2 protein chains.
Amino acid sequence: MEKKVMNIGSVSELTGLSERQIRYYEERKLIFPERTRGKTRKYSFEDVEKIKEIHQKLTDGFTTFEIKQWQAKKWSKSI
Amino acid sequence: MEKKVMNIGSVSELTGLSERQIRYYEERKLIFPERTRGKTRKYSFEDVEKIKEIHQKLTDGFTTFEIKQWQAKKWSKSI
DNA sequence: CGTGTAAGGAATTCTGACACG
DNA sequence: CGTGTAAGGAATTCTGACACG
């Protein structure tokens, strides 16, 4: 499901990561949650998968910048 | 997806119904959202479909009690 | 660089009740 | 019966910053 419907609390629970980590990945332009009028972030299940992947990469020693480049590559290949 | 991850605000947006209506369907035992420690309701996409169905039935003139019975029938048939 | 935390505020959700019909 | 609403409180989320390293 690519619908952005869950708040950061659910994402945190599903990924096991802190809200701080999830917000940071957004700050580094790795994920793009939507916002409600009240500025609350809304994520999709796809975002959850992306976040897990990002965290795995970080654990493997990559920087967010490298992950960003890796995402771009992935994207170009999928075209 | 049967994972209970979205809050009532998202459900309201997806169904076009008010939070009052959604909570009432739970009161009548037609849907069963989960709860966080803080008592916040969490719904799944399946719940969203159920809610739409319930509202359609209500629009068709059925009572919540009849809908409950109809759900039970549906359930027994699926076995 | 990636993440933790305390701080204050704003948005979200909760419950129980009164209202209409 | 099914739904709207005002009320007060509690839980959730937000931002910007300081900290460590």
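Here is how names work: the chains are called A, B, and so on, in the same order as the sequence lines, proteins then strands, and each is numbered from 1. Please read all numbers here as calculations on a predicted model, not as lab measurements.
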Starting at [atom1] of [X] and ending at [atom2] of [N], how long is that distance when rounded to a whole Å?
{"X": "A:I22", "N": "D:dT12", "atom1": "CD1", "atom2": "C1'", "answer": "14 Å"}
{"X": "A:E26", "N": "D:dC14", "atom1": "CD", "atom2": "P", "answer": "8 Å"}
{"X": "A:L30", "N": "C:dG2", "atom1": "CG", "atom2": "P", "answer": "9 Å"}
{"X": "A:I8", "N": "D:dT15", "atom1": "CD1", "atom2": "C1'", "answer": "12 Å"}
{"X": "A:L17", "N": "C:dG2", "atom1": "CG", "atom2": "P", "answer": "14 Å"}
{"X": "B:K68", "N": "D:dG2", "atom1": "NZ", "atom2": "C1'", "answer": "17 Å"}
{"X": "B:K39", "N": "C:dG16", "atom1": "NZ", "atom2": "C1'", "answer": "12 Å"}

Inset, instruction - Look only at the side chain of A:K4 and the backbone of A:F32, and say whether a donor-acceptor pair between them is shorter than 3.5 Å. - result: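 Yes: the side chain of A:K4 pairs with the backbone of A:F32.
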Inset, instruction - Indicate yes or no for a side-chain donor-acceptor contact from A:E2 to the backbone of A:F45 under 3.5 Å, with no hydrogens or angles considered. - result: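 Not a single qualifying donor-acceptor pair exists.
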Inset, instruction - With DNA chain D as reference, determine whether B:T40 or B:R28 sits nearer its 5' end, using the nearest nucleotide of each. - result: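 Nearest-nucleotide comparison on DNA chain D picks B:R28.
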Where the side chain of [X] is defined as all heavy atoms beyond and including C-beta, which of [options] is the nearest nucleotide?
{"X": "A:N7", "options": "C:dG2, D:dT12, C:dT15", "value": "D:dT12"}
{"X": "A:T64", "options": "D:dT13, C:dT13, C:dG2", "value": "C:dG2"}
{"X": "A:R35", "options": "C:dT15, D:dC14, C:dT12", "value": "D:dC14"}

Inset, instruction - For B:Q56 and B:T59, test the side chains for any donor-to-acceptor distance below 3.5 angstrom and give the result as yes or no. - result: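 There is no such pair (donor and acceptor under 3.5 Å, judged by atom type) between the side chains of B:Q56 and B:T59.
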Legend entry - Row check, A:F62 ring normal vs A:K57 NZ/CZ: under 6.0 Å, within 45°: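 Yes, a cation-pi geometry holds between A:K57 and A:F62.
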Protein and nucleotides 3-7 of chain D: nitrogen or oxygen contacts under 3.5 angstrom:
residue : atom : partner : partner atom : Å
D:dT3   : OP1  : B:Q21   : NE2          : 3.1
D:dT3   : OP1  : B:Y25   : OH           : 3.4
D:dT3   : OP2  : B:Y25   : OH           : 3.4
D:dT3   : O4   : B:R20   : NH2          : 2.8
D:dG4   : OP2  : B:S18   : OG           : 2.5
D:dG4   : N7   : B:R20   : NE           : 3.2
D:dG4   : O6   : B:R20   : NH2          : 3.1
D:dT5   : O4   : B:R20   : NE           : 3.3

Legend entry - Shortest non-hydrogen contact between B:L17 and B:S12, atoms and distance: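 So the minimum-distance heavy-atom pair works out to O-OG, 2.6 Å.
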Inset, instruction - Look through every strand shown and name the nucleotide pairing with D:dG4 as Watson-Crick or G-U wobble, where both distances are under 3.5 Å. - result: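 Here D:dG4 is engaged in a pair, and the nucleotide opposite it is C:dC18.
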Legend entry - Student check: side-chain heavy atoms of A:I51 and A:I22 closer than 4.5 Å: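 Yes, close enough: below the 4.5 Å cut-off.
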Legend entry - Charged N-O contact under 4.0 Å between A:K50 and A:E53: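 Looking at A:K50 and A:E53, the cut-off is not met.
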Legend entry - Side-chain N,O (B:R41) to OP1/OP2 (C:dT13) below 4.0 Å: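 So the side chain of B:R41 is outside the cut-off, no N or O lying under 4.0 Å from OP1 or OP2 of C:dT13.
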Inset, instruction - Would you mind telling me which residue lines up with the more 5' stretch of DNA chain C, A:K42 or A:F65, judged by nearest nucleotide? - result: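 Nearest-nucleotide comparison on DNA chain C picks A:F65.
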